[in-house]
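To start, the structure under review is shown below, and the notes come after it.
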Amino acid sequence: MRASQLLLPTVKEDPAGAEAISHKLMVRAGLVRQLAAGIYVYLPAGWRVMQKIAAIIRGEMDGIGCQEMLMPVINPAEIWQQSGRWDAIGGELFRFKDRKGADMALAMTHEEVITWLAAREVHSYKQLPQLWYHIQTKERDEARPKSGVLRTREFIMKDSYSLDVSYEALQESYAKHIAAYDRIYARCGVEAMMVEGDSGMMGGSVSHEYMAYADAGEDEIVFCRACGYAANVEMAVAGADREPPQSESQAAAGAGAAVDLTVDEVRSTPGAKTIDQVVEFLGLPARAFMKALVVTVEDGAEGRQVMVLLRGDHELSELKLRKALGAEFRLATADEVLAAQGIAPGYVGPEPTTLPVYADEVLRRGHYVAGANKADHHRTGVSLAMVPQATFCDLRKARAGDPCPQCAADLDGARVIEVGNIFQLGTKYSEPMGATFLDVDGKEQPIVMGSYGIGLARIAAAAIEQHHDGNGIVWPPSIAPFEAHLVLVRASDEVQAALAEQLYAELAAAGLDVLFDDRDMSPGIKFKDADLLGCPAQIVVGKRAPEGVVELKDRASGERRDVPVAELALALGELLGRG
RNA sequence: CGGGGUGUGGCUCAGCUUGGUAGAGCGCUCGGUUCGGGACCGAGAGGUCGGCGGUUCAAAUCCGCCCACCCCGACCA
């Protein structure tokens, strides 16, 4: 491809509002343009990256016997009503009516279509297992698109589905996907880790998420270098705290502290409503406090209130609380808190309270400062021995430094991008949608299903997050828009131009993806563009063209060396890792 | 959906507080000089200041409503 003819609109300045590095670089390098919130145009170079990622995914999916097909984005409402998701999913599902007034939906994933297909075409255990996939646009009316291509309302996903005769058989399909996914990320040059997931709206029981390390990621995981345990912080088991409660270490240190945590006493804390403010006011660490949240449980027509207790320095895992309650919940409004506890948020405490209490495990021990249920006052010496109705459970988010729940080593933490996930759906869709088969005994059974997704753009973005420098993107060779960027320094120099043309023809003939910068522009612009775009090899035809020598630059290391034209093919092969 | 912010040439932004001739840098066009790390000189093109309404002799600027986009939160196969 000739740069003089390629639509590659590079820009010098970061786009307004962009924060994620991948977002800035994808726009600056001329890979994408935003049409509307969370809706992007893939420009030629960006689309090449997507196609390369798709090709790697295809290869690996085909490799485990998964069959490619194509399912429609437009779905009749009927199948979504059958699966129950028409009602279960809120505004995230794009809905519209066709000209006849029939309800339609834009598919956000394809379980319904797959199950519809399976119900019609799969009848016997002899046809199973089946592995089906497609690479198709997904539509989701995200509440908040963000971070460029990381969270969008329209995106391309590889989604595959397994159909099996039993849960045991499903394990095999699941294992095949795990193996394929590991290879896909490795081949794309993205470092990702499999963690336990929450199955969320997909339903089912077992699920895992593939997480790629990136500061721009919106998820956080903890993982153990010693034993390999890894989980989303929402999910991860928060092990016991190594340190004793603050009140015990304070007691051990002897008397004389300004505030004795073990003494039951009401103290005036005017204006101090948040943990940070009370910490400041009393001069105690956050872990000396107990924070009381009042939440409204939405398991009846009218919500009921429940008090949730966490240590001051811990964060609530909403997922864990949802599981403990067995119902959805939300933070209570100020009015609800006042009605339920008789005090406005800010000074709520468990002593006394008539509400059901759910307390995090670490609060079993120790004395804490808690709200005094009186405006502008907190109370010391509060221990949960005073709250007999308290139910203890693991409610807090795990964090780096916590002991690993499997081997007790220290957990590490990382921000991550979710680049894929796999679910054991079971019969969640096959039962309501009547996707059954006859087993060996002639008995009708629901098909046991799994679903497996990978977002292509997220792989591209994660690759950039993991591989870039101050000058631009440093693509892994496997997914770079071009393998080599041939830079003609002086287009007006006949010798240089002739040599560049010759190399362009030869490299292309050798099957290499080459971008030939034949533009008549100042060299600085060309070099900057080449670094920004980030193709792994740069071949610079310049001063030494008359001798038949060009410069080969390794984008990743920045190393450059002069190479006689005759040796270029070999040197390029080495640089690109083709041996 | 709640909170905050922004909207001015293609891009990034200033101007708005205190109403009075619409600006800069980059990009673009033409001519010339340059030519290995986003060159220089000269001459140009390009804007209903997000939209509608209001106040005023006069609105980019003040007021109201709406829209779009961004950020935080809620939500998230």
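Each chain gets a letter, A, B and so on, in the order its sequence line appears, and its residues count up from 1.
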Atom-pair distance ([atom1] on [X]; [atom2] on [N]), nearest Å:
X: A:Asp517; N: B:G38; atom1: CG; atom2: C1'; result: 13 Å
X: A:Arg519; N: B:G38; atom1: CZ; atom2: P; result: 15 Å
X: A:Ile39; N: B:C69; atom1: CD1; atom2: P; result: 8 Å
X: A:Asp520; N: B:U33; atom1: CG; atom2: P; result: 13 Å
X: A:Phe527; N: B:A39; atom1: CZ; atom2: P; result: 12 Å
X: A:Phe329; N: B:A74; atom1: CZ; atom2: P; result: 10 Å
X: A:Glu142; N: B:C71; atom1: CD; atom2: P; result: 13 Å

Are any side-chain N or O atoms of [X] and backbone N or O atoms of [Y], one a donor and one an acceptor, separated by less than 3.5 Å?
X: A:Lys24; Y: A:Pro15; answer: no
X: A:Arg95; Y: A:Trp86; answer: yes
X: A:Thr427; Y: A:Ser430; answer: no

First encountered from the 5' end of RNA chain B, between A:Gly524 and A:Gly17: A:Gly524

5' precedence on RNA chain B between A:Arg490 and A:Gly148 (nearest-nucleotide basis): A:Arg490

B:C35 phosphate, OP1 or OP2, under 4.0 Å from A:Ser522 side-chain N/O: no

Under-4.0 Å side-chain N/O to phosphate OP1/OP2 contact, A:Gln34 with B:C70: yes

Within the 6.0 Å centroid threshold, strictly below: A:Phe516 and A:His485: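 No - the distance between ring centres of A:Phe516 and A:His485 does not fall below the 6.0 Å cut-off.
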
Pairwise P distance for B:C49 and B:U61, with rounding to whole Å: 9 Å

Integer angstrom distance from the C1' of B:G31 to that of B:U6: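 Each nucleotide's C1' atom is 41 Å from the other's.
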
Report which part of the nucleic acid [X] touches: base, sugar-phosphate, or nothing (heavy-atom distance under 4.0 Å, all strands).
X: A:Asp493; result: nothing
X: A:Ala143; result: base
X: A:Arg560; result: base

Aromatic ring pairing A:Tyr452/A:His177, orientation class (parallel under 30°, perpendicular over 60°, tilted between): parallel

hbond_proxy A:Arg144 side chain to B:G3 base (donor-acceptor, 3.5 Å cutoff): no

Compile the donor-acceptor pairs under 3.5 Å between side chains in residues 491-499 of chain A and protein atoms, sequence neighbours left out, one pair per line.
unit_1   : atom_1 : unit_2   : atom_2 : d
A:Asp493 : OD1    : A:Val495 : N      : 2.9
A:Asp493 : OD1    : A:Gln496 : N      : 2.9
A:Gln496 : OE1    : A:Arg490 : N      : 2.9
A:Gln496 : NE2    : A:Gly542 : O      : 3.4

Per-nucleotide protein contact string for nucleotides 22-32 of chain B, where B marks a base within reach and S marks sugar-phosphate only (heavy atoms under 4.0 Å, - for neither): ---BS------

Flag side-chain contact, heavy atom, 4.5 Å: A:Gln305 against A:Glu336: yes

